[in-house]
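Presented below is the structure to which this report refers.
Sequence positions, counted from 1, serve as the residue numbers for this chain.
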Amino acid sequence: MLYRGCRTYTRFQSTEAARVLKDQHFSHILDGKAPNFLQEQGSDTRVIVGKEKQPLDFNYFLFHLEKFKKMSDLPTGFGRNQLHESLKDKEKTNELLIDIKSRFEDIDYSFGYGSKIFSQGSKVDVSNSQIDMIYAVTDTKAWHEKNLAKNGNDYSFLKYLGINSIKKIGELGAGVYFNPYINVALKNGKEIELKYGVTSIDALRRDLQNWETLYMAGRLHKPVAIIDNNPQLSILNQFNLTNAVKLALLLHDGRTISEKELFLIIASLSYMGDPRMKVNGENPDKIKNIVDNQFDLFQKLYKPIFKFIPHLIELESSGVTGKVFKVKLNEENVGRTLLELPSSFRARFFENYPSIEDPVVNNIDNDLTSLKKLAYNELKEIG
């Protein structure tokens with residue numbers, strides 16, 4: 001929850017910020033016009049307007065998601081930062097996760113995550129850890145029905161309640177159904193322990209775009225090992241990563257921010273309000289361990305994202321310990337940045353401050369307005 005005493009709230013109460021929030025309608029969010037020309041620069045895609053290069057505007061892609069049916073429909077190099085190419089044992093990791101995935105069918109998007117795949121430091125004992133996977137499928141009911149027939153032992157007693165019960169339970173909370181502690185025999189004869197979560201493509205899309213629960217979107221704020229990719233989710237995750245940087249900048253105190261400071265805030269977003277962090281159910285140094293031991297992966301993940309928001313950050317210095325950016329959050333940028341955050345998070349914010357109207361919601365029809373009526377899980381203790 002954003003509290004009245006925090007620095008972020010104070011910014012919004014200023015005269016100029018309030019004017020921006022009330023008077024700016026952001027009609028460009030709805031125009032959906034195609035860029036004139038796309039120039040590919042590795043993983044950085046930019047729009048050419050006249051003679052000037054401007055950061056890619058996601059609006060065209062977000063409003064035309066259905067046009068992107070296969071990865072080749074995307075601009076060359078788009079989303080490459082999301083892949084784990086710089087992981088030292090990439091080939092070994094790929095081989096392992098593909099081997100595990102071969103026991104399942106009809107998976108549209110999948111990724112591995114967690115301490116068994118990405119190091120959290122030598123002090124973190126992963127000998128008894130499971131390999132964590134998320135599988136996104138088109139139809140969860142049909143998928144579980146087929147998987148029950150093939151891998152019935154993966155399921156708990158819930159399988160006796162029927163496929164509809166499994167589907168409904170999987171739709172609760174973050175919209176992921178988990179099967180933990182599954183012993184999987186690999187092709188090389190070894191066995192590993194697997195925990196896999198199954199979600200729908202639609203649920204994952206909503207969380208990436210709207211931050212409905214920030215559970216899956218938060219996972220993807222950190223490095224993951226994507227095995228099966230999807231062009232629409234690649235677009236939405238780039239949008240998700242950009243919003244993570246924007247929110248981290250709003251929560252940061254200071255006129256400059258180092259990459260490490262930024263990554264620590266981003267990595268903490270999905271853990272805010274997590275009861276395990278408050279009752280010592282998780283290592284209190286977990287966030288620091290993740291960033292310290294995956295720093296180069298974070299750098300690769302967010303490198304093109306910084307180029308999308310030159311109005312918010314500007315490179316000030318670069319050294320062996322990483323980059324330092326100048327934060328360009330004046331009062332007008334604060335208001336604009338808030339309005340550009342995902343709709344569910346933005347709705348929670350404006351519900352806390354009813355005196356400030358949300359011009360985006362008020363100028364879009366019932367689709368966004370109805371989102372405000374959902375029971376959103378709040379981010380706790382921000383600020």
Min side-chain heavy-atom separation Val327-Arg255 under 4.5 Å: no
Indicate yes or no for a side-chain donor-acceptor contact from Asp207 to the backbone of Ala217 under 3.5 Å, with no hydrogens or angles considered. yes
Would you please say whether a donor-acceptor pair under 3.5 Å links the side chains of Asp285 and Asn289? no
When you check the gap from the basic side-chain N to the acidic O, do Glu212 and Arg206 get nearer than 4.0 Å? yes
Any salt bridge between Lys69 and Asp73, counting N to O under 4.0 Å? no
Has the side chain of Gln120 got a donor or acceptor atom that lies under 3.5 Å from a matching backbone atom of Lys286? no
Just to verify, which of Lys195, Lys116, Lys222 counts as forming a salt bridge (charged side-chain N to carboxylate O under 4.0 Å, His left out) with Asp132? Lys195
When you compare the side chain of Asp139 with that of Asp106, does any pair of heavy atoms fall below 4.5 Å? no
Atom of Ala136, atom of Leu204 and distance for their closest heavy-atom approach: CB-CD2, 4.1 Å
Counting only heavy atoms from other residues, nucleotides and ligands, does the tally under 6.0 Å from NZ of Lys159 exceed 12? yes
Just checking Lys150: does its NZ atom have more than 12 heavy atoms from other residues, nucleotides or ligands closer to it than 6.0 angstrom? yes
Same cluster or not: are Phe157 and Tyr177 linked, directly or through other Ile, Leu, Val, Met, Phe, Trp or Tyr residues, by side-chain heavy atoms under 4.5 angstrom apart? yes
Short question: side chain of Asp99, backbone of Glu95 - any donor-acceptor pair under 3.5 Å? no
Does the ring centre of Tyr196 sit less than 6.0 Å away from the ring centre of Phe104? yes
Would you indicate whether the side-chain heavy atoms of Leu341 and Leu250 approach each other to under 4.5 Å? yes
Between CE of Met216 and CG of Leu208, what distance do you get to the nearest 0.5 Å? 7.5 Å
Any chain of hydrophobic side-chain contacts (each under 4.5 Å) joining Ile305 to Val324? no
Work out which heavy atom in Ile100 is nearest to a heavy atom in Arg103; give both atom names and the distance. O-CG, 3.2 Å
Using the benzene-type ring in the case of Trp, are the ring centres of Tyr113 and Phe118 under 6.0 Å apart? no
Go through the steps for Leu312 and Lys328 under the test side-chain contact (heavy atoms from CB on, under 4.5 Å), then give the verdict. CA-CA 5 Å; Leu312 297 180; Lys328 300 159 67 176; 5.6 Å; no
Judged by atom type as modelled, is there a donor-acceptor pair below 3.5 Å linking the side chain of Tyr302 to the main-chain atoms of His221? yes
Please check if the side chain of Gln209 supplies one atom and the backbone of Pro342 the other of a donor-acceptor pair under 3.5 Å. no
Side-chain touch Gln232/Arg205, heavy atoms, less than 4.5 angstrom: yes
Of all heavy-atom pairs between Leu301 and Gln82, which one has the smallest distance, and what is that distance? CD1-CA, 3.8 Å
Side-chain contact, heavy-atom cut-off 4.5 Å: Leu74 with Ser234? yes
Rounded to the nearest 0.5 Å, how far does CG of Leu96 lie from CD1 of Ile117? 7.0 Å
If you apply the rule side-chain contact (heavy atoms from CB on, under 4.5 Å), what do you find for Trp211 with Leu247, and how did you get there? CA-CA 12 Å; Trp211 286 2; Leu247 180 55; 3.6 Å; yes
Check whether any side-chain heavy atom of Val245 lies under 4.5 Å from a side-chain heavy atom of Leu262, and answer yes or no. yes
Looking only at side-chain N and O atoms, does Tyr155 offer a donor or acceptor that is under 3.5 Å from a partner on Asn147? yes
How long is the gap from CD on Glu259 to NZ on Lys303, to the nearest 0.5 Å? 10.0 Å
Is the backbone N or O of Gly175 less than 3.5 Å from a side-chain atom of Thr199, with the two atoms forming a donor-acceptor pair by type? yes
Donor + acceptor pair across side chains of Asn240, Asn243 (<3.5 Å): no
I need the Lys246 NZ to Thr242 OG1 distance, nearest 0.5 Å. 6.5 Å
No-hydrogen, no-angle side-chain donor-acceptor test under 3.5 Å, Asp228 and Ser110: yes
Are any non-hydrogen side-chain atoms of Val176 and Val198 less than 4.5 angstrom apart? no
Please assess His84 against Asn94 for the test side-chain contact (heavy atoms from CB on, under 4.5 Å), listing each intermediate value before the final yes or no. CA-CA 9 Å; His84 59 295; Asn94 279 348; 2.8 Å; yes
Rounded distance (nearest 0.5 Å) linking atom OG of Ser102 with atom CG of Leu186: 8.5 Å
Going by distance alone, is a donor N or O of one side chain under 3.5 Å from an acceptor N or O of the other, for Asn183 and Glu191? no
What verdict does the salt bridge (charged side-chain N to carboxylate O under 4.0 Å, His left out) test give for Lys323 and Glu261, after you've listed the backbone C-alpha separation in whole Å, the side-chain angles of each residue and the deciding distance to 0.1 Å? CA-CA 10 Å; Lys323 296 180 174 67; Glu261 289 173 323; over 6 Å; no
Report yes or no: does Asp108 contribute a side-chain atom to a donor-acceptor pair with the main-chain N or O of Thr138 at less than 3.5 Å? yes
Is the backbone N or O of Tyr109 less than 3.5 Å from a side-chain atom of Asn230, with the two atoms forming a donor-acceptor pair by type? no
Do you know which two heavy atoms are closest between Lys300 and Leu83, and how far apart they sit? NZ-O, 2.9 Å
More than 12 heavy atoms of other residues, nucleotides or ligands under 6.0 Å from CG of Asn153: yes or no? no
Got a salt bridge between Glu340 and Arg336, using NZ or NE/NH1/NH2 to carboxylate O under 4.0 Å? no
Decide yes or no on side-chain contact (heavy atoms from CB on, under 4.5 Å) for Gln130 and Tyr181, but give the supporting numbers first. CA-CA 7 Å; Gln130 305 172 81; Tyr181 306 111; 3.4 Å; yes
Sub-3.5 Å donor-acceptor pair from the side chain of Asn210 to the main-chain atoms of Ser343, do we have one? no
Among Asp154, Leu194, Ile131, Asn151, the one residue meeting side-chain contact (heavy atoms from CB on, under 4.5 Å) with Val184: Leu194
Measuring from Ile265:CD1 to Lys260:NZ, what's the distance to the nearest 0.5 Å? 13.0 Å
Taking all atoms of both residues into account, what is the closest heavy-atom pair of Trp143 and Ile107, and its distance? NE1-CG1, 4.0 Å
Are Tyr160 and Ile166 linked, directly or through other ILVMFWY residues, by side chains that come within less than 4.5 angstrom of each other? yes
Which atoms form the tightest heavy-atom contact between Thr213 and Gly173, and what is the distance? CG2-O, 3.7 Å
